[in-house]
Amino acid sequence: MRKPLLIVIDMLNDFLEAWESADRERLVDAINELVEIVQRASRPVIWVRQEFASDLSDAFAEMRAKNIPIAIKGTSGAQIDSRLKISPSDKVIVKKRYSAFFGTGLDEVLEQLRPEGLILAGINTHACIRTTAIDAYQRDWPLIVASECVDSYDREHHDVTLKYMKDKLARLMTNREIDAMLNGDQD
C-alpha cells in the first residue's frame with residue numbers, strides 16, 4: 001500500500017483531559033510523528049471529531065438518558081488537542097456516533113481523494129477505532145491500524161480489540177513500519 005491516507009479519530013480535549021499526563025503525551029507525540037511521516041510521503045490526513053448540541057438532541061441515547069455533556073459544539077472540549085500538528089490543508093470531519101463513516105461525508109471524501117487504503121489512529125480503540133475499522137472493512141478498504149497511535153482509557157478492551165482486529169480487519173503496524181512502507185521499503 002503505497003498511497004494510503006491517515007484518519008485520526010477523536011483526539012479531543014474532553015476525551016483526553018482525564019488521561020494520565022504521560023499517557024496523553026505519549027499518544028500525542030506518536031500521532032504527531034505519524035502525521036509527519038504521512039505528510040512527508042505527500043499523503044492526506046483527515047481528522048475526525050465528535051461534536052454534539054448543548055441540549056444533546058443529536059447525542060447517543062446513553063448520553064441523553066444520563067445527561068452527559070461531552071464534546072459540546074462551541075466548547076474547547078469539542079476541539080482537537082492543540083498539540084497535534086494539523087495542517088490547513090487537512091480535512092476535518094464531524095461525527096455523531098462511534099464510526100467515522102456513520103452519517104458523515106467520509107465516503108465522499110475518500111471517493112475524491114482515491115487512496116489505496118486507510119491508516120487509523122486516535123481513541124478509543126475499543127469504540128471509535130474498532131467501529132471505524134469494521135465499517136472500512138465492510139467497504140473493502142485495505143486497512144492499517146497504527147499500533148503506537150491508538151489507545152483507550154480501558155486497557156483490557158484496548159488489548160482485546162487489537163487482538164480481534166489484527167490480521168482480520170487490519171494490519172497492525174508501528175510508525176517505523178508505516179514509514180518504511182511509504183518509502184517503498186516494504187509492502
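- By the side-chain contact (heavy atoms from CB on, under 4.5 Å) test, Ile86 is found to be paired with Trp47, Ile80, Asp90, residues two or more places apart in sequence or in another chain being considered.
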Check your understanding: Yes or no on side chain to side chain contact (heavy atoms under 4.5 Å, CB included) for Leu106 and Ile7, after CA distance, side-chain angles and deciding distance?
Key -> CA-CA 10 Å; Leu106 182 56; Ile7 300 173; 4.1 Å; yes
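- Evaluation of the ring pair (Phe, Tyr, Trp, His ring centres under 6.0 Å) test over residues 88-120, restricted to residues two or more places apart or in two chains, returns Phe60-Tyr98.
- Considering only heavy atoms from C-beta on, Ile123 stays 4.5 Å or farther from Tyr153 through its side chain.
- The list of side-chain hydrogen bond (donor to acceptor under 3.5 Å, both in side chains) pairs with a residue in residues 118-130, not counting sequence neighbours, reads Thr125-His158, His126-Ser152.
- Note: Glu33 CD to Arg176 CZ = 9.0 Å, rounded to the nearest 0.5 Å.
- In this structure, the side chain of Arg43 does not engage the main chain of Leu5 through any donor-acceptor pair within 3.5 Å.
- Note on Leu182: it clusters hydrophobically with Val45, by side-chain heavy-atom contacts below 4.5 Å among ILVMFWY residues.
- Between Asn32 and Leu84, some side-chain heavy-atom pair lies under the 4.5 Å cut-off.
- Annotation: side-chain contact (heavy atoms from CB on, under 4.5 Å) contacts of Asp55 (sequence neighbours excluded): Ala53, Ser57.
- We find the CD-OG1 distance between Glu156 and Thr161 to be 10.0 Å, quoted to the nearest 0.5 Å.
- Residues passing the side-chain hydrogen bond (donor to acceptor under 3.5 Å, both in side chains) test with Asp81 are Arg83, sequence neighbours excluded.
- In terms of the side-chain hydrogen bond (donor to acceptor under 3.5 Å, both in side chains) criterion, residue partners of Lys66 (sequence neighbours excluded) are, by chain and number, Glu62.
- The side-chain hydrogen bond (donor to acceptor under 3.5 Å, both in side chains) contacts involving residues 105-118 comprise Asp107-Arg139, where partners must be two or more places apart or lie in separate chains.
- Between Asp179 and Asn175 the shortest side-chain heavy-atom distance does not fall below 4.5 Å.
- Closest of all the heavy-atom pairs between Lys163 and Lys168 is O-NZ, 3.8 Å.
- Leu162 is connected to Leu118 through a chain of hydrophobic side-chain contacts under 4.5 Å among Ile, Leu, Val, Met, Phe, Trp and Tyr, so both are in one cluster.
- Remark: Glu51 pairs with Arg49 by the salt bridge (Lys or Arg N to Asp or Glu O under 4.0 Å) rule, at least two apart or across chains.
- Val109 and Val8 fall into different hydrophobic clusters, where Ile, Leu, Val, Met, Phe, Trp and Tyr side chains are chained together by heavy-atom contacts under 4.5 Å.
- At least one side-chain heavy atom of Tyr164 sits under 4.5 Å from a side-chain heavy atom of Leu169.
- Minimum interatomic distance between Leu16 and Met11 (heavy atoms only, all atoms of both residues): CD1-CE, 3.8 Å.
- Within the 4.5 Å cutoff, side-chain heavy atoms of Ile46 are placed close to those of Leu113.
- Residues meeting the side-chain hydrogen bond (donor to acceptor under 3.5 Å, both in side chains) test with Asp167, sequence neighbours left out: none.
- Here the closest heavy-atom approach between residue Cys149 and residue Ala30 is recorded as SG-O, 3.4 Å.
- Across all non-hydrogen atoms, the minimal contact from Ile178 to Ala146 is CD1-CB, 3.9 Å.
- In the hydrophobic clustering of this structure, Val150 groups with Val48; members are Ile, Leu, Val, Met, Phe, Trp, Tyr whose side-chain heavy atoms approach within less than 4.5 Å, directly or through other members.
- In this structure, Ile37 CD1 and Glu177 CD are separated by 11.0 Å, a value rounded to the nearest 0.5 Å.
- For the atom pair CG of Leu143 and CE of Met1, the computed distance is 7.0 Å after rounding to the nearest 0.5 Å.
- Shown here are the side-chain hydrogen bond (donor to acceptor under 3.5 Å, both in side chains) partners of Ser99, two or more places apart in sequence or in another chain: Asp135.
- Minimum interatomic distance between Pro4 and Pro115 (heavy atoms only, all atoms of both residues): C-CB, 4.1 Å.
- For the pair Asp23/Leu27, no side-chain contact is recorded, criterion being any heavy-atom separation below 4.5 Å from C-beta on.
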Practice item. Evaluate the criterion side chain to side chain contact (heavy atoms under 4.5 Å, CB included) for residue pair Lys95 and Ile9; output intermediate values, then yes/no. Key: CA-CA 10 Å; Lys95 68 183 178 70; Ile9 300 172; 3.8 Å; yes
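- Listed by chain and number, the residues in a side-chain contact (heavy atoms from CB on, under 4.5 Å) with Ser54 are Ile72 (sequence neighbours excluded).
- Atoms CE and CZ, from Met181 and Arg2 in turn, are 8.0 Å apart once rounded to the nearest 0.5 Å.
- With sequence neighbours left out, the side-chain contact (heavy atoms from CB on, under 4.5 Å) criterion links Ser42 to no other residue.
- Two residues are said to be in side-chain contact when any heavy atoms from C-beta on lie closer than 4.5 Å; Met165 and Ile129 meet this criterion.
- Hydrophobic clustering (side-chain heavy atoms under 4.5 Å, transitive across Ile, Leu, Val, Met, Phe, Trp, Tyr) groups Ile31 together with Val38.
- Side-chain atoms of Leu34 and Ile119, non-hydrogen and from C-beta on, do get closer than 4.5 Å to each other.
- From Met63, atom CE reaches atom CG of Leu56 across 5.5 Å, with rounding to the nearest 0.5 Å.
- Judged purely by atom type and a 3.5 angstrom limit, Gln50 has no side-chain atom pairing as donor or acceptor with the backbone of Val94.
- Scanning all heavy atoms of the two residues, the minimum distance from Phe15 to Ala71 falls at CZ-CB, 4.5 Å.
- Heavy-atom contacts from other residues, nucleotides or ligands closer than 6.0 Å to NZ of Lys91 number 12 or fewer.
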